[in-house]
Number of protein chains: 2
Amino acid sequence: MTQPKISDRQPTGGAERRGSASRREILDAAARLFQKNGYGNTSLRELANEVGMKAGSLYYHFASKEQLAIEVLGAGVKGVAQTVSARLAEAGADASASQRVSIAIRAHLDAILNDSGYTSAHIRCFPYTPAAVQTQLRNVRRTYEDIWTGLIDDLLGPQRDEPDARYLRLAVLGALNWSLEWFDPARDSAEGFAEMVERMILGATRSDEHH
Amino acid sequence: MTQPKISDRQPTGGAERRGSASRREILDAAARLFQKNGYGNTSLRELANEVGMKAGSLYYHFASKEQLAIEVLGAGVKGVAQTVSARLAEAGADASASQRVSIAIRAHLDAILNDSGYTSAHIRCFPYTPAAVQTQLRNVRRTYEDIWTGLIDDLLGPQRDEPDARYLRLAVLGALNWSLEWFDPARDSAEGFAEMVERMILGATRSDEHH
DNA sequence: GTCGATGACTAACAGTTGTTAGTTAGACTA
DNA sequence: TAGTCTAACTAACAACTGTTAGTCATCGAC
């Protein structure tokens, strides 16, 4: 009676190192719950229940809730950064600045609307996360930010205005990220929205004449 | 049972009543805390402490935390809706569609960056709020949404594409709302950002030729 | 001067939170 | 076969959550 039979749990595939399967399961579930309910409204018991564990068992895999959040949200930024980088690399070095921007728009949108949920968990949760978590994530975030800074700089050319480049970048990312709050796959088209954002950013750069 | 039944107190429909000063204080503090920490991370004890009360005393003024949130977030939408409407009315009926849009952009930005915090509390908290709260706020939100739908429809003219109007509206509001996550008064200029968003939305509409 | 309403207080409730300590079954390794 | 490692378990902790019940001082109206 001391221990119920847990013996029949054997989801461990072959490829991964032995224990890492359930660790991955926990991260996946955490990303889903963080994305849906936010960091503060996701309890470790709910998370544990989602993966068929008890809350205490999570501490075998992670040192704390904060540490778990750092891993989930960290994977989220890395994921979108990699997606965007890969698509840009695919396009080759001869792609124009505006072509590269529209590739990045679609890649970013893909990452937050279709991917596993890590990136959207990051976007939705980061601002409400404890200070320690935010500090730990600063560098990875900066890395991704720099990709966009480069894209926008190339688009605006050498005679750009510094605050304008910043505002353009933040406006575009804001428009994209906000889609997490309204996008409905049954109603909306990611490609349609991407085209609109593209039209906006290109329109804003082209219209520098009436300044 | 010396306590009289306070059960049937109304939510202060009309003009200011006698005790409404501290009630207002509570709402103000709640807006501040909701905006800063989110709904879930704001405890009633923290809120009470902010206004020099004990947690239990809040229940003299509000039936529950959810009810309090409904009032704060409700005031937030109503506030921005009123700000935008007022500025549009000021502009008169002979203002062009694009003039009206740029007025609305600045009014919305003003409401979330400079105002009392109710509107920004709404924007930052709404998605993480209990379902009951979201349901209660649906109508007020719809009312404000309709203002923007009208503005965009006028801007795009009669031969507009329906999803495009929706995407344009949501992209603009997303760009504006996202500023809550990065805007730094010491570094950024609201007017500068407003000009950028204006350039984007006008650029997107003007470029319909290459379709 | 008494009365009732106002607007706060104290103290506690029941539930939940993140977290820790100690235990145990099974699987690998020597 | 004995010993160690892995990955889960149980049970509890202290702190905190929203909420309620009951008390009490103040103050204008009669």
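Only heavy atoms go into these numbers, but all of them, side chains included; no hydrogens, no water, no symmetry mates. Keep in mind that what you see is a predicted model, and the values were worked out from it rather than measured. Below, read A as the first sequence line, B as the second, and so on, with proteins coming before strands; counting in each chain starts at 1.
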Restricting to nitrogen or oxygen on both sides, can you table the protein-nucleotides 11-14 of chain D pairs closer than 3.5 Å?
| residue | atom | partner | partner atom | Å |
| --- | --- | --- | --- | --- |
| dA12(D) | N6 | Arg45(A) | NH2 | 3.3 |

Query raised in the report: Any luck finding a side-chain donor-acceptor pair between Asn41(A) and Tyr39(B) under 3.5 Å?
Result: no
Nucleotide of [options] approaching [X] most closely (side-chain heavy atoms):
{"X": "Tyr59(B)", "options": "dT20(D), dC9(D), dC9(C)", "result": "dT20(D)"}
{"X": "Ala55(B)", "options": "dA8(C), dT19(D), dC9(D)", "result": "dT19(D)"}
{"X": "Tyr60(B)", "options": "dG7(C), dA7(D), dC9(C)", "result": "dG7(C)"}

Query raised in the report: Are Lys78(B) and Tyr144(B) in a cation-pi setup, meaning NZ or CZ lies under 6.0 angstrom from the ring centre and within 45 degrees of the ring axis?
Result: no
Query raised in the report: Are Arg106(A) and Phe193(A) in a cation-pi contact, defined as NZ or CZ under 6.0 Å from the six-membered ring centre and within 45° of the axis?
Result: no
Query raised in the report: Contact class for Lys65(A) (heavy atom, under 4.0 Å): base, sugar-phosphate, or nothing?
Result: sugar-phosphate
Query raised in the report: Which class fits the ring pair Trp182(B) and Tyr167(A): parallel under 30°, tilted 30 to 60°, perpendicular over 60°?
Result: tilted
Query raised in the report: In terms of heavy-atom contacts, does CD of Gln82(B) have more than 12 from other residues, nucleotides or ligands at under 6.0 Å?
Result: no
Requested in this report: Assess whether salt bridge (Lys or Arg N to Asp or Glu O under 4.0 Å) is satisfied between Glu162(B) and Arg160(B), documenting all intermediate values.
Outcome: CA-CA 6 Å; Glu162(B) 241 339 302; Arg160(B) 67 184 167 274; 3.7 Å; yes
**Report entry** For DNA chain D, the residues among residues 34-44 of chain B that have a non-hydrogen atom under 4.0 Å from it
**Finding:** Thr42(B), Ser43(B), Leu44(B)
Query raised in the report: What pairs of residues pass the ring-ring contact (aromatic ring centres under 6.0 Å, His included) test when at least one of them lies in residues 67-92 of chain B, not counting sequence neighbours?
Result: none
